[in-house]
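To keep things clear, I will list the structure first and then write my remarks on it.
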Amino acid sequence: MTIQIIKTTPFNDQKPGTSGLRKSVKQFKKPDYLQNFVQAIFNTLENVPGSTLILGGDGRYFNREAIQIILRMAAAAGFGRVIVGQGGILSTPAASNLIRQYQALGGIILSASHNAGGPEGDFGIKFNGANGGPAPESMTEAMFAASKQLHEYRIVPIQPIPVDKLGVYSLSGMQVEVIDSVSAYLALMETLFDFDKISALLTSDHFKMRFDAMHAVTGPYGHRILEERLGAPIGTVIQGEPLADFGGGHPDPNQTHAHELMALLYARNSDIDFGAASDGDGDRNMILGKRFFVTPSDSLAVLAANARLIPGYRNGIAGIARSMPTSQAPDRVAAKLGIPCFETPTGWKFFGNLLDAGKITLCGEESFGTGSDHVREKDGLWAVLFWLNLLAEKQDSVENIVRSHWAEYGRNYYSRHDYESIDLKDANALVDALQAQLPTLAGQSFGSLTVSAADNFTYTDPVDASVSQNQGIRILFTDGSRIIFRLSGTGTQGATLRVYLEKYEADTSKHDEDVQKALGDLLAIVQKIAKIESFTGREAADVIT
């Protein structure tokens, strides 16, 4: 085997965020940029010779070129086998499943998730470990350290692998297996859900649904599972063809970006009973009833409360985990079930230890991510199938199921306000000013609300005792209301300030207020404390969910 050793210069901006390294396509296409980071990954791994690697992505622009480069570098690194999704396509949860199924050393997933694609869009790369979950902070820190010391990378000569054709190929002595991207994932879903009951629902005359794949990775999964396997009418999956630029859209499943689906479900004469959408790499989900939006926090709480109705969770759940900014609705379910509920920093990797240790079964983030112990990633289509199974069991509407849940547990009014692409200097100045106020906020009153505590969230992992500091500024009130401020790690331009608002209401007669109106007093406090307009010039959020 001929290995080429290419001299290179380190880049100083290859520090992975919460979901790997995300940059513009233009940055990734710079000479040696992708190669350097891939080599940094390989340099941090142990036991590479002869091992198996899973490889795939969400089909966005530059996905195909990147896969050929990574295959050549994997061969040079000494991997024995690489399993690639057909066409270079693998949803993130499907990749997690394959890592576990094939007992691989890990997997490389090419995606910038819900970020826009195309030549002017974004690209991303992350490594998932042998448990199928995102690399822990210790590993991503090691990758960053390796990237700064890199002066050469190893690659074998060009030998294109026909990734569109199923089969087994050889690349400089390494086996490359191109597999069907959907089959293994479908088989896993069949072990968890009652496909017969879901099929009966989807083929009945009284139920219609739409699944919006947003021209992203879940299109093939939706067509195969919902329309072919479960028998939903052709046309149930909309925007189902994966496109390198996502059809010019933004593959983020929320009310703002999934506007076509929202229009279908909110039309005055809509006959669609259930709507759902997923994102670029298939790990997020949005759930809709007829003219009814389910917050991700409520979705997690409802699924946890009803888990025993689903075959894969009939024996009950061990515990629940949510990211700190996610509403406290799941906590109330856990308390009633008598199981633990863990509050973690944002980032799915923090759930990995809890899942591996058997401390939790279900977990979720407010950013439209929900999952369970079936893989080590959030899983958009899994959440959709869970809801369909629940609807088939209860023979009720999405709205009625959620309202019944509120009647039993109370409603957590909840919203996130995103201020996108803020100048990083301005964003840091705002956060620094907030941090400086924290020692003096406890005990202060703002109208009818009194601050009980204010801090910057620190998490101590209950499994390995690792500590993660500065995970988001929290302002907690005596009535249980919360305001959270956090800079997001998923964007590539400037900074995104996320402001989370939460207020609990037990009185069922007050469960029909407009969300933003119900949270108006908290938003007024945000403006008074954070002075967002003064620091950023922004009068209002860019996206409200």
Side-chain angles (χ1 to χ4, degrees), residues 254-255 266 286-306 320 322-337 341 343 362 364-368 370 387 390 394 396-418 441-442 444-454 472-486 498-530 541 544-545:
N254 59 42
Q255 304 101 304
Y266 277 81
M286 178 173 69
I287 302 297
L288 299 170
K290 187 178 294 184
R291 293 182 291 279
F292 191 85
F293 167 69
V294 184
T295 72
S297 303
D298 278 342
S299 182
L300 175 60
V302 169
L303 299 187
N306 293 281
I320 307 170
R322 62 167 176 82
S323 65
M324 181 272 288
T326 300
S327 99
Q328 298 166 99
D331 304 38
R332 301 181 185 282
V333 175
K336 184 164 186 176
L337 294 177
C341 186
E343 183 179 48
L362 299 182
E365 295 182 337
E366 53 72 34
S367 54
F368 295 83
T370 327
W387 267 98
L390 184 56
K394 286 185 170 287
D396 206 347
S397 70
V398 171
E399 180 176 357
N400 285 346
I401 289 172
V402 175
R403 288 191 178 280
S404 296
H405 183 89
W406 289 342
E408 182 174 354
Y409 294 94
R411 180 177 183 181
N412 287 72
Y413 281 101
Y414 182 82
S415 182
R416 188 181 89 191
H417 291 225
D418 290 356
L441 285 176
Q444 286 194 42
S445 293
F446 299 86
S448 63
L449 295 173
T450 300
V451 178
S452 60
I473 289 174
R474 305 187 299 177
I475 301 174
L476 313 178
F477 297 88
T478 54
D479 71 342
S481 297
R482 300 191 306 163
I483 299 172
I484 311 295
F485 299 89
R486 185 177 157 272
R498 303 200 195 281
V499 182
Y500 311 83
L501 311 169
E502 179 179 10
K503 180 180 182 179
Y504 177 69
E505 180 55 70
D507 187 347
T508 55
S509 70
K510 298 179 180 179
H511 284 176
D512 287 318
E513 282 192 69
D514 174 81
V515 173
Q516 301 308 319
K517 183 178 179 181
L519 297 170
D521 52 352
L522 291 174
L523 188 57
I525 296 171
V526 167
Q527 301 302 344
K528 185 171 185 177
I529 292 176
I544 298 176
T545 55

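Just so it is clear, the values below take in all heavy atoms, side chains as well, and ignore hydrogens, waters and symmetry mates.
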- Item | Rounded distance (nearest 0.5 Å) linking atom OG of S452 with atom CD of Q444 | 12.5 Å
- Before accepting this row, confirm whether a basic side-chain N of the pair E399/K290 lies closer than 4.0 Å to the acidic partner's carboxylate O. no
- So, N400 side chain and D396 main chain: donor-acceptor pair closer than 3.5 Å or not? no
- Would L501 and R416 satisfy side chain to side chain contact (heavy atoms under 4.5 Å, CB included), going step by step from the backbone distance to the final call? CA-CA 6 Å; L501 311 169; R416 188 181 89 191; over 6 Å; no
- Message: Please verify the inter-ring angle class for F293 with F368; under 30° counts as parallel, over 60° as perpendicular, anything in between as tilted.
- Response: tilted
- side-chain hydrogen bond (donor to acceptor under 3.5 Å, both in side chains) involving D521 - partner list, sequence neighbours excluded: none
- Interatomic distance, Y504 atom OH to R411 atom CZ [nearest 0.5 angstrom]: 12.5 Å
- Where does the angle between the aromatic ring planes of H511 and W406 fall among parallel (under 30°), tilted (30 to 60°) and perpendicular (over 60°)? perpendicular
- Residue pair L449 / L522, side-chain heavy-atom distance below 4.5 Å: yes
- To the nearest 0.5 Å, tell me how far L523 CG sits from K517 NZ. 14.5 Å
- Nearest heavy-atom contact between S327 and Y414 is CB-CD1, 3.5 Å
- Message: Between T450 and F477, is there a side-chain heavy-atom distance shorter than 4.5 Å?
- Response: no
- Query: Is K528 positioned over the aromatic face of F446, cation under 6.0 angstrom from the ring centre and no more than 45 degrees off axis?
  - Reply: no
- Carboxylate-amine/guanidinium contact D512 R403, below 4.0 Å: yes
- Of the non-hydrogen atoms in A453 and A442, which two are nearest, and what is the gap between them? CA-CB, 4.4 Å
- Message: Taking the side chain as everything from C-beta on, heavy atoms only, tell me whether P296 gets closer than 4.5 Å to T326.
- Response: no
- Query: Under a 4.0 Å N-O cut-off, is there an ion pair linking E365 with R322?
  - Reply: no
- Task: Could you check if a side-chain atom of R474 sits within less than 4.5 angstrom of a side-chain atom of F485, using non-hydrogen atoms only?
- Result: no
- Could you check V451, I475, I473 and say which one makes a side-chain contact (heavy atoms from CB on, under 4.5 Å) with I529? I475
- Distance, nearest 0.5 Å, that separates CG of D418 from CD1 of I544: 9.0 Å
- Message: With rounding to the nearest 0.5 angstrom, report the CD to CD distance, E502 to E366.
- Response: 11.0 Å
- Item | Least distance between heavy atoms, Q328 atom then G480 atom | NE2-O, 3.4 Å
- Query: Is L362 close to L300 at the side-chain level, that is, under 4.5 Å between some pair of heavy atoms?
  - Reply: yes
- Backbone of G447 reached by a side-chain donor or acceptor of S445 within 3.5 Å: no
- Could D479 and K503 be called an ion pair, given the rule that one side-chain N must be under 4.0 Å from one carboxylate O? no
- Message: Using only atom types and a distance under 3.5 Å, with no angle test, would you say the side chain of E513 pairs donor to acceptor with the backbone of V515?
- Response: no
- Item | Validation row: M286, V294 side chains within 4.5 angstrom (heavy atoms) | no
- Do H417 and Q516 come close enough that some side-chain heavy atom pair is under 4.5 Å? yes
- Flag, side chain of S415 to backbone of T545, donor-acceptor distance under 3.5 Å: yes
- Taken to the nearest 0.5 Å, the spacing of I320 CD1 from C341 SG works out to 5.5 Å
- Can you find a pair of side-chain heavy atoms, one from I484 and one from R482, that are under 4.5 Å apart? yes
